[in-house]
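Right, one structure below, let's go through it.
Scope of the values below: all heavy atoms of this structure, side chains included, with no hydrogens, waters or symmetry mates. Heads up: numbering here begins at 1 and tracks the sequence.
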Amino acid sequence: APYAHQTARQLPVVVVDEEQTPVTRQLIRNLSDAREVRIAAEAPSVAAAEQMVRAREADGILLLPRGLTRSLLTGARGGGMGLWLNGTYLVRARDIGGAIQAAALAVGIQRLGPVAEGLHLHPPIEVVERPLFNTREGYADYIFPAVAAVILQQTLLFGSAMLVAGRREARLPPMRNKMR
């Protein structure tokens, strides 16, 4: 069911804009124009945004920290945006991440591109993706441990049903517990 349409639209995201600069406001505007994402709210803090995600009012949090524009202009290490996604639905998380990445790259090229070219910095913005929990990023490593118990249970149920059906077809008496 969550992957039926293979595309997500208007997924709610909470934005925490600590910087409040023209660059961050342009990023928020670009993000609100994306079809995949809808800005559900602008929260004053990450804690408030986290409460909205826990209450299922949003699927992700975008943090635009203080010093973001300066770090983008100077190319200083350690600067950047923070993005936390609800990984319950993989397609939703992927689409939110892609929309935010596209919006950030557009702002980087539009607003910071000329400055970066003047300072001989290429590219003006770089996207680094790091998973928090699924570090190997493989589908089998992520999904199989979660469903292994269900697979085992279904296999045992199917085997039991086959045993009972086989005995009925052979017209054998039902198995009785002979331990008393």
R29 and Q26: side-chain hydrogen bond (donor to acceptor under 3.5 Å, both in side chains), yes or no, with the steps? CA-CA 5 Å; R29 276 194 299 276; Q26 181 66 43; 2.9 Å; yes
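The closest side-chain heavy-atom distance from L62 to V14 is not below 4.5 Å. In this structure, M81 and L27 have side chains that are in contact, with non-hydrogen atoms separated by less than 4.5 Å. Side chains of L85 and L83 form a contact here, defined as non-hydrogen atoms less than 4.5 Å apart. Side-chain contact between V13 and D59: absent, with no pair of heavy atoms (C-beta onward) separated by less than 4.5 Å.
Residue I61 is not grouped with residue M52 when hydrophobic side chains (ILVMFWY) are merged at heavy-atom distances under 4.5 angstrom, including chains of intermediate members.
Among residues at least two apart or in separate chains, there is no side chain to side chain donor-acceptor pair (under 3.5 Å) pair with a member in residues 38-47. Within the structure, salt bridge (Lys or Arg N to Asp or Glu O under 4.0 Å) contacts touching residues 11-24 (residues at least two apart or in different chains) are E18-R66.
For the atom pair CD1 of I28 and OG1 of T24, the computed distance is 5.5 Å after rounding to the nearest 0.5 Å.
M162 forms part of a hydrophobic cluster together with F158, judged by ILVMFWY side-chain heavy-atom separations under 4.5 Å.
No more than 12 heavy-atom neighbours from other residues, nucleotides or ligands sit within 6.0 angstrom of CD on Q153.
Here the closest heavy-atom approach between residue A99 and residue V37 is recorded as CB-CG2, 3.4 Å.
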